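Just so we're on the same page: letters track the sequence lines, and every chain starts at 1. Keep in mind that this is a model prediction, so the values were computed, not measured. Excluded from the calculations below are hydrogen atoms, water molecules and symmetry mates; all remaining heavy atoms, backbone and side chain alike, are included.
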Amino acid sequence: MSILTLQFGQCGNQIGKALYEELYSDIKTDVSKTGVGKKANVEYVTESVKKWFTVNKSGALEVRSILIDTESKVVANVTANGHYKFRNVVAKSHGGAANNWAYGYTTKSELLTKDIQDGVRKEIERDGTVLGIMGILGSAGGTGSGVGSRTLEILRDEYPKKLITGVVVLPYKRGEVVTQSYNSLLTLAKLCNVTDGIYLYENDTMHKMCSKLLSVANVTFLNINSLIAQQLAATFQPLQNTSVWDIHKSLTPHPIFKLIQVKSAPHVSKEYLKFEAPTTWSVLINQIRNSIKPDLQDYLGKFNRRMQCTGNALIGRGSTPFTADDLSQIADSALYVGWVPSQYCLSNFYHIRSFKDNKKFVTFLTNNNYACLSLKGVLDDAWTLFGSRAYLHHYQRFNIDEQFFLDSFDAFETLYESYKGL
Amino acid sequence: MTEFITIQVGQCGNQIGSTFWPAVLDEYGFQAGKTTRKRPTSTNFESSFHSFFSVPSNNKCGDFNTLADLVGANVKARSILVDMEDSVVSKFKTGPFRSLFDEKCIVSNYPGSGNNWAEGYCYHGPLYRERLLNVIQKAVDKCDSLQGFILLFSMGGGTGSGLGTYILTLLADYFPHVERFVSCVYPTGTEDVITCPYNMALATRHLIESATCVFPIENRALFDIVTQTLYRQSSIVEFRPFFDMNNLVTNMLLHLTSGSRFSGSMNVDINEINTNMVPFPNLHFLSSSFSPLTRPASKLPPQITSQQVKYEMFRNSCSRSNQLIKIDPLGANSVLLGSTLIGRGDFSLSDMRNYVDHLQTKGRFTHWSRKAVKVGLCDVPPISQTSAILTLFNTTAMRTLFSYILHLYNKLYQKKAHVHHYTKIAGFDVGFFSECEDSLLNNIGLYTDMENARQPN
Ligand SMILES: Nc1nc2c(ncn2[C@@H]2O[C@H](COP(=O)(O)OP(=O)(O)OP(=O)(O)O)[C@@H](O)[C@H]2O)c(=O)[nH]1
Ligand SMILES: Nc1nc2c(ncn2[C@@H]2O[C@H](COP(=O)(O)OP(=O)(O)OP(=O)(O)O)[C@@H](O)[C@H]2O)c(=O)[nH]1
Ligand SMILES: [Mg+2]
Ligand SMILES: [Mg+2]
């Protein structure tokens, strides 16, 4: 039942680092704060360790992860850590992928994929229980996007039955990498084809969450990454009688709809935490309900459809399970597309053990039509550049020609139209 | 770890080199005449020493305390010094840093190029070709992961412009996969050489054809920064204009390579500059600037830089008075095709987001270039500073540099003045003149097209 993560590029490695820190701190939570007894906690911890780590001969934890980058500074920073070891580092390709998907996909990957494949094979043989492979990457650069795309494509062929998912971070919309729209387009077009699901993150959204919800004045990637890590950990930590497949199936009833967005609650700044009254599921779910509406200001006039979900999953961690009343807030059939049978619309999962020291913590995974807003941003920007043929010579240099772009535009537009039409 | 090989050609190139290398060593805490070393704190930092120096495999930077230790361990700068008269290169042969420069890399014993591009390119180039290829190959062989060549020379004389561009074309032929960055000085305002316009024009053509990115520098811009900004600072009491001008170039290069050498939460590898800043072939001339403008190692109070001060730095680095060429990136003649902002030290992700917004409201863009911004963060500030910012612009205002060169060139060429000095050199085809003119005109045309595609604000 365990998960192998692949951390690609700077973004993937920095988020991966945060993820394991989050898992580790959940595991190490003082038993008195977990809401369960010593024995139950040990069971949970054992299961969690099995899922994400292996214990080596000297008793130390080793992360079940492969760190992949085209330059060694980032991974060197990630592996500098006292609590656990990263035993797989693949980073020897003589310089970064230059924010160029083509460079990563066709050229840098040649130097890396054999070692990555060997690493994956070893991890899977070491531990017969690896169920899922999770690739974490930023779509704007060249390594995460290009090497990530190529690697997951190869692994799909090699492991047709494993659950292969991507955690993809979309760049700030107003620009931070000039070729970000091309790279994101090529990445999503490819990953939608070769993965079983994509957990989609936007740096704008996460940045806003840090500054608004958590009142961080000077937002850094550490803030953003620990939020993402928190959501991923709270989603994939052990659940009672549930495997990652169970969650996944409930979210992706149709092969074209694979984009999953994650929301969670509670999120409050440290100062508020002291005053926070004991909370109920109903309050938290209400917060989630409010947060799933995108900031329509960003999109005003572009999209006025109401939300339509193909599947949602609610994961609760805390002393009591959800009641039907709690769930009713997001079980309304008007929220869901007509072709999904009502019993499959909203699934819920639960574990009695607290997530870290949160008395109650809920994550909400949703697959809905608003994903088309993120896609639209990428699509518009990529067309704008492509219409002027700007930057294409960098891609042609690495054998990605105009036709390849046109095919990717096609695939991407199909995806966009499908989501829009829900 | 990423590595660079610098190639300094001619008097100007080598003089810039002579401010560059002490500054690099200073970053790692090595100073001439000092017997102790200020040690930088992070270990990651030390491993970046390999970027500019080759260290025998049984040593690492942390083993060394003094310049003498480096020499004793046979540490060598990854540098190739090329000049004619022994004057400048000889400083490297006798100065405190001499042993860091491999004799084999110093190609110096041939006569000068008489301020004639053709002598450098057509005569000395082919003559020293094997020798040059040899030393370059040796320097390349010492690298594990070579990222780029950095070429330093002036465009006005004969050796730098002629042999410099000859070397550039050699690199393009023999090492096509290694990026070729050129930081070249256009001696505008100091055109002491009568044939300078020919040399600039003939050499510029090859920069258009064979460089990955060019960071042009104008002497009049350097001069104005030094006299109008630097010397107004009360901390500076001793005026050394040439030293300070060359130091500006040095600092720019240190900033430019900082992302490849040091870690940061948003790392900018130098090869990303090309992808992000060059939308179409040939449009690879970038205006560079940075802030604060100081002498190296001039002491600033060691405190966290305030929001306000950081914002000022950003604003300054976008202003015309900080550009290393005479253009105004946010002015009326400028349509931006691409921008890069790299914050070092105390700059945060939030700061950079604000600056992007600011830039997008202040600048003028084509309909596709408004979002063409590249942002980076580097943890390590320059030595003795808490923060600094580097900005690069690809702007249609670069057209004015090309027009200026062409204007000077035409003034001479209309009279056919001094043409025979060029045509008499074997290998110089008289067609080179019209070809370089076409090449400049073509680039001016490309910029004009971009300007016409400007999006109304
Ligand atoms: N949320 C988050 N985003 C990041 C982080 N680091 C980088 N990014 C984003 O990732 C994108 C850039 O991709 P990188 O991961 O730096 O690039 P790379 O995969 O290393 O590829 P190259 O450097 O081009 O070889 C931008 O959109 C950044 O905002 C991080 O730690 N957290
Ligand atoms: N900024 C700056 N400009 C310089 C420096 N040295 C020379 N120049 C300028 O460069 C131009 C001449 O180029 P040089 O580098 O002296 O010529 P060269 O490449 O050695 O070529 P020849 O002397 O013809 O063999 C002059 O116009 C100077 O103004 C310097 O150290 N810094
Ligand atoms: Mg990178
Ligand atoms: Mg000279």
Side-chain angles (χ1 to χ4, degrees), chain A residues 9-11 14 69-74 76-77 80 92-100 102-103 107 141-143 171-183 203-204 207 210-211 216-225 381 383-395, chain B residues 1-3 42-44 47-48 143-148 177 179 259-281 307 337-341 348-353 356-357 359-360 366-377 379 450 453:
Chain A
Q10 174 147 34
C11 179
Q14 288 176 172
D69 204 353
T70 45
E71 47 123 4
S72 49
K73 289 193 297 291
V74 179
N77 270 340
K92 49 163 188 204
S93 77
H94 309 305
N99 296 165
N100 181 342
Y103 197 10
T107 307
T143 303
Y172 287 96
K173 290 192 198 67
R174 297 199 64 175
E176 53 175 324
V177 174
V178 174
T179 46
Q180 65 186 34
S181 60
Y182 282 166
N183 296 336
N203 267 342
D204 287 301
H207 190 114
C210 290
S211 56
V216 179
N218 235 324
V219 177
T220 65
F221 275 137
L222 289 180
N223 303 130
I224 293 180
N225 294 349
D381 288 351
W383 269 127
T384 302
L385 294 186
F386 193 77
S388 303
R389 298 292 182 274
Y391 309 100
L392 286 184
H393 68 289
H394 298 300
Y395 292 76
Chain B
M1 182 56 66
T2 302
E3 293 142 343
S42 84
T43 46
N44 225 347
S47 65
S48 69
C143 295
D144 288 330
S145 86
L146 177 60
Q147 273 270 284
H177 299 298
E179 314 266 0
S260 286
R261 295 183 292 138
F262 309 132
S263 57
S265 64
M266 238 180 163
N267 217 71
V268 179
D269 239 343
I270 199 162
N271 63 4
E272 294 170 20
I273 303 287
N274 180 23
T275 316
N276 283 279
M277 296 299 280
V278 185
F280 300 103
Q307 277 326 92
L337 308 177
S339 319
T340 292
L341 310 175
S348 75
L349 184 62
S350 285
D351 294 332
M352 302 313 278
R353 293 318 310 163
V356 169
D357 292 348
L359 189 65
Q360 286 174 341
T366 65
H367 75 277
W368 53 266
S369 69
R370 186 172 294 275
K371 290 187 177 178
V373 194
K374 167 72 183 170
V375 180
L377 288 170
D379 293 342
M450 295 288 146

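Because its NZ or CZ atom is not both nearer than 6.0 Å to the ring centre of B:Phe280 and within 45° of the ring axis, A:Arg389 does not count as a cation-pi partner of that residue.
Proximity to chain B (any heavy atom under 4.5 Å) is restricted, for A:Asp381, to the side chain, taken from C-beta onward. For a residue to count as touching a neighbouring chain, one of its non-hydrogen atoms must lie under 4.5 Å from one of that chain's; by this rule A:Gln14 touches chain B with the side chain only. Using a 4.5 Å cut-off between heavy atoms, A:Ile224 touches chain B through its side chain atoms alone. Contacts of B:Ser369 with chain A are absent, with no heavy-atom separation under 4.5 Å from either backbone or side chain. Heavy-atom distances place the backbone of B:Asp144, and not its side chain, under 4.5 Å from chain A. Only the side chain of A:Ser72 comes within contact range of chain B, with at least one heavy atom under 4.5 Å from a heavy atom of that chain. A:Ala80 does not touch chain B: none of its heavy atoms, backbone or side chain, sits under 4.5 Å away. At a 4.5 Å heavy-atom cutoff, B:Met352 makes no contact with chain A through either its backbone or its side chain.
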Next item on the list: Just do the side chain to side chain contact (heavy atoms under 4.5 Å, CB included) check on A:Asn99 and B:Lys374 with the steps written out, would you?
Entry: CA-CA 10 Å; A:Asn99 296 165; B:Lys374 167 72 183 170; 2.8 Å; yes
Show your working on side chain to side chain contact (heavy atoms under 4.5 Å, CB included) between B:Thr275 and A:Tyr182 and close with a plain yes or no.
CA-CA 12 Å; B:Thr275 316; A:Tyr182 282 166; over 6 Å; no
Practice prompt. For the pair A:Glu71 and B:Thr2, evaluate side chain to side chain contact (heavy atoms under 4.5 Å, CB included) and give the outcome as yes or no after the intermediate values.
Written response: CA-CA 8 Å; A:Glu71 47 123 4; B:Thr2 302; 5.6 Å; no
Could you walk me through whether A:Val178 and B:Val373 pass side chain to side chain contact (heavy atoms under 4.5 Å, CB included), step by step? CA-CA 5 Å; A:Val178 174; B:Val373 194; 5.6 Å; no
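Counting heavy-atom pairs closer than 4.5 Å to chain A, the top residue among B:Asn274, B:Ile273, B:Val356 is B:Asn274. Among B:Leu337, B:Asp357, B:Ile270, the residue making the largest number of heavy-atom pairs under 4.5 Å with chain A is B:Asp357. Counting heavy-atom pairs closer than 4.5 Å to chain A, the top-ranked of the candidates B:Ala453, B:Pro279, B:Gly264 is B:Pro279. Put simply, of B:Gly376, B:Ser265, B:Ala372, the one with the most heavy-atom pairs under 4.5 Å next to chain A is B:Ser265.
A distance of 7.5 Å separates CG in A:Asn203 from CG in B:Leu349, rounded to the nearest 0.5 Å. With rounding to the nearest 0.5 Å, the separation of OG in B:Ser260 from NZ in A:Lys73 is 6.0 Å. Atom CZ of B:Arg353 is separated from atom CD of A:Glu176 by 5.5 Å, given to the nearest 0.5 angstrom. Here the CG atom belonging to A:Leu385 is positioned 7.5 Å from the CH2 atom belonging to B:Trp368, to the nearest 0.5 angstrom. Separation of atoms OG (B:Ser348) and CG (A:Leu222) is listed at 11.5 Å; rounding is to 0.5 Å.
Judged purely by atom type and a 3.5 angstrom limit, B:Lys371 has no side-chain atom pairing as donor or acceptor with the backbone of A:Gln180. Here the side chain of B:Glu272 pairs no donor or acceptor atom with the backbone of A:Gly96 at under 3.5 angstrom.
In terms of heavy atoms, A:His394 sits closest to B:Val278 at NE2-O, 2.8 Å. Nearest heavy-atom pair, A:Ala217 versus B:Ser350, reported as atom, atom and distance to 0.1 Å: O-OG, 4.1 Å. Here the closest heavy-atom approach between residue B:Asn271 and residue A:Tyr103 is recorded as ND2-CE2, 4.2 Å.
Scored by the salt bridge (Lys or Arg N to Asp or Glu O under 4.0 Å) test, B:Glu3 finds B:Arg78 as partners (sequence neighbours excluded).
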